[in-house]
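Lettering of chains follows the sequences in order, A, B, ..., and the numbering in each one begins at 1.
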Amino acid sequence: MNKRQLKFYFPIFVLPTFAAFCIGFIYPFLHGVYLSFCKFKTTSDATWVGIQNYIDAFQDPSFLHAFAFTAVFTVVSVVLINVLAFTVAHVLTGGIKGANAFRTVFFMPNLIGGVILGYIWQLIFNGILQNWSTNIKLNSTFGFWGLIILLCWQQIGYMMIIYISGLNSIPESLYEAAKVDGATKWQTLRKVTLPMMMPSITICTFLSLTNSFKLFDQNLALTAGEPGLQVGGETIYQTEMLALNIYNTFYQNANTRGVGQAKAVVFFLLVAVIGLAQLYFTRKREVQQ
Amino acid sequence: MIKKILALTLAILMIIPMFAACGKEDTASVYYLNFKPEQDAQWKALAATYTQKTGIPVTVVTAAEGTYEQTLTSEMDKKEAPTLFQVNGPVGLANWKDYCYDFSGSKVLGELTSNDFTLVEGNKVYGIAYVVETYGIIYNKTLLAKYFASNFATIKSIDKLNNFAALKTVAEEIQANKTALGVDGAFTSAGMDSSSDWRFQTHLANMPIYYEYQAKGIGSTDAIEGKYLDNYRAIWDLYINNATCNPTVLASKTGTDAETEFKTEKAVFYQNGTWAYGSVKKDDSGIGLEDSEFGMLPIYIGADGEENQGLCTGSENFWCVNSKASEADIQATLDFLYWVVTSEEGTSSLANDMGFVVPFKSAKAASNPLVTIANEYIAEGKTSVSWNFSSIPSEKWKKGLGTALTQYAAGTGTWDSVGSAFVDGWKTEYAAANQ
């Protein structure tokens, strides 16, 4: 296809996707921002109330708790997922037998939906915890580590694939040069592999960071926020993450829809700021080949 | 050239679906968003019959267990919104009043046997109860008779089993001699999974709420006092300590677990209602209870004068017609409802297939033995316990109470937090819902 043809067909091929993007993303997003300043029952029927929803959102102790829980969860899961995924990728590119079979197996959990994964792991955890007469929904520590294990299991395979392609793209000549210079294995890893891998690390940390922060289905299916703790008439769900907190607020009663929407806008800003900051800092460390 | 045409055709094909939806013909239709998953198939069959007879399309959609409010909220936003939906009582009505059509003067309203079965505000009728249900402690007559006849039984007949102390004695003696009776426990597991926890954070919680309302002569409140919390604790302790399983594993037990235990005759008592009949009666494989084996006890919690207490009877299922639907659709919906409660097909489906007791004039008697038992209690002059959980301020209150009860049962939480969820939670949630 030559340039002229491309120019001619470009709008035709882009239009359906672009229209879908506008209908499925741009419009709901803008409408959502508008609704966060409203009181409403159904989204087509709203009255303007100004910033009251935002005030309510920040005065809600469950929102602040969910934020703290999500932050800790994200830090732990990002570190674990990336370290483990990198290690697995490193081992699998080292020329061991059956590397392809391992890759497939490690990648497979990613193909299962979050809700199903949540229920499957709930059965596994409860099956084990039953021996001590307890349950994942009874202890927030179990809930926290349960979520970490679940998310690691699901995401390590995906990140591994990205790391493997990154590792494969490092020119062999660099390793040869390092060998000639007498670098140890550790030095080669730190001074050659890691700097060359920065683009992969950027994308993997970005993905795992935003995925952990936005975690919803796994949270809903595995613990549903349980256990709840009574604090002066308010039940604070100990393993409720931000997205689940927003969902629960939205459906609490007809007065809280707008508050849930306001929380969602705050949530969007948080994810955007944290994601962009992370991109900026890891990009700075990328080197040109 | 062929390539060019192919590309263009494909591109056009991709755009077509976007406009296809606009060209639909506008005829009257009915869209029922059903609340009860147990009766989904029966409603669909009934709707098909109606469509066949009149040509008016009736769509029935059932929301998944526990997600009615979510489904209703999103469906109401659509262009083809439900024309017929349900609210659970005054609290639900407060959410949806703007969408409720005033039934006054409609034919279906005239079919009601009593005005008690309406949701009224001012002089407007916003909702019609279409099913009256009863719950209590369902028991297996054969197993209980076996207990009465045994040498370890202190209580020897069902007449003596008419208060909490007697129920406690019976349950504890059954539990202590479960091997002799061939059961796993007196009560089915009080599962606190979301498929089952409503039996305790809503239906059982109705007992302390009912007695407090009775004592004060009220029907709703902005702050519950928790006067009968100790009774609530007593009955809850009885349930969890005399069951088929250890209280620590209740967090993961489901509604189906309890159902199976009762159906396979591994437990004597099962707290549930008339709607549970279909799932525990004798099935084709010969497992389950014969109609004559069903019995039902009031839920005794140790309140004064409870010897005269009956079963818990009420409704939390009110039909509402969407006032924002088109004139033609509203009329079609009203006609459909009238047909359901008066026609031969409709009334027999309600009574026999769905097993409902309906408060309409031409209703047929339901073939459900639990309903018969419920009627006997009323005939004996026992005082029915009303359903006060429609005055519970929010779903969040129930959920909070549920998690506190679960932790109390597992030993990781105290009764104080149950009390706090019950009393303080009510206040918070009432304020949040009525600001």
Side-chain angles (χ1 to χ4, degrees), chain A residues 1 5 8-9 11-17 19-20 23 39-45 52 56 60 62 122-123 125-127 129-140 223-238 247-257 259, chain B residues 4 7-8 10-12 14-15 18 67 69-70 73-77 81 91 94-96 98-99 192-194 246-252 324 393-397 399-404 406-407 410-413 416-421 423-429 431-435:
Chain A
M1 201 180 261
Q5 270 178 318
F8 176 73
Y9 284 116
I12 297 175
F13 281 108
V14 161
L15 186 72
T17 320
I23 297 167
K39 192 175 165 174
F40 62 96
K41 274 185 197 100
T42 58
T43 57
S44 49
D45 187 4
Q52 187 56 42
D56 290 347
D60 178 357
S62 72
Q122 193 191 55
L123 290 174
F125 288 135
N126 284 342
L129 291 171
Q130 210 168 1
N131 297 324
W132 288 273
S133 284
T134 185
N135 185 292
I136 193 154
K137 289 191 175 177
L138 289 172
N139 186 319
S140 57
T223 67
E226 302 281 353
L229 208 68
Q230 302 298 323
V231 184
E234 190 79 44
T235 310
I236 308 288
Y237 290 94
Q238 299 298 301
Y247 173 83
N248 285 337
T249 309
F250 192 86
Y251 288 111
Q252 185 184 348
N253 65 46
N255 294 324
T256 55
R257 302 261 152 89
V259 182
Chain B
K4 231 182 202 173
L8 249 166
L10 279 176
I12 292 167
M14 286 163 89
I15 304 172
M18 297 165 63
T67 63
E69 195 65 20
Q70 281 92 320
T73 308
S74 55
E75 289 296 298
M76 275 301 197
D77 241 345
V91 173
N95 275 350
W96 292 106
D98 303 345
Y99 291 82
M192 291 308 283
D193 175 84
S194 59
N246 197 307
T248 50
V249 301
L250 288 179
S252 50
K324 306 208 171 180
S394 74
E395 287 300 315
K396 204 179 159 198
W397 183 87
K399 209 177 142 206
L401 183 62
T403 179
T406 315
Q407 290 169 55
T412 57
D416 282 348
S417 26
V418 178
S420 166
V423 177
D424 304 333
W426 187 292
K427 212 168 154 187
T428 316
E429 286 305 306
N434 294 283
Q435 58 186 222

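- Across B/Ser417 and A/Gln230, no two heavy atoms sit closer than the pair O-CG, 3.2 Å.
- B/Asp416 does not touch chain A: none of its heavy atoms, backbone or side chain, sits under 4.5 Å away.
- Ranked by heavy-atom pairs shorter than 4.5 Å toward chain A, the options B/Ala432, B/Ser394, B/Ala404, B/Ala410 are led by B/Ala432.
- For chain B, no part of A/Asn139 is nearby; none of its heavy atoms comes within less than 4.5 Å.
- The CD atom of A/Gln130 sits 10.0 Å away from atom CG of B/Asn246, with the distance rounded to the nearest 0.5 Å.
- Atom CG of A/Leu129 is separated from atom OG1 of B/Thr248 by 11.5 Å, given to the nearest 0.5 angstrom.
- Between the side chains of A/Tyr247 and B/Gln70, at least one donor N or O lies within less than 3.5 Å of an accepting N or O.
- Among B/Tyr99, B/Trp426, B/Trp96, B/Trp397, the residue making the largest number of heavy-atom pairs under 4.5 Å with chain A is B/Tyr99.
- The NZ atom of A/Lys137 sits 5.5 Å away from the CG atom of B/Asp193 when rounded to the nearest 0.5 Å.
- By the 4.5 Å heavy-atom criterion applied to side chains, B/Lys396 and A/Thr235 are not counted as neighbours.
- Under the 3.5 Å distance criterion, with hydrogens and angles disregarded, a donor-acceptor pair is assigned to the side chains of B/Thr403 and A/Glu226.
- By the 6.0 Å contact criterion, NZ on B/Lys427 is open, its count of non-hydrogen atoms from other residues, nucleotides or ligands being 12 or less.
- With 3.5 Å as the limit, one finds a donor-acceptor pair spanning the side chains of A/Asn135 and B/Ser252.
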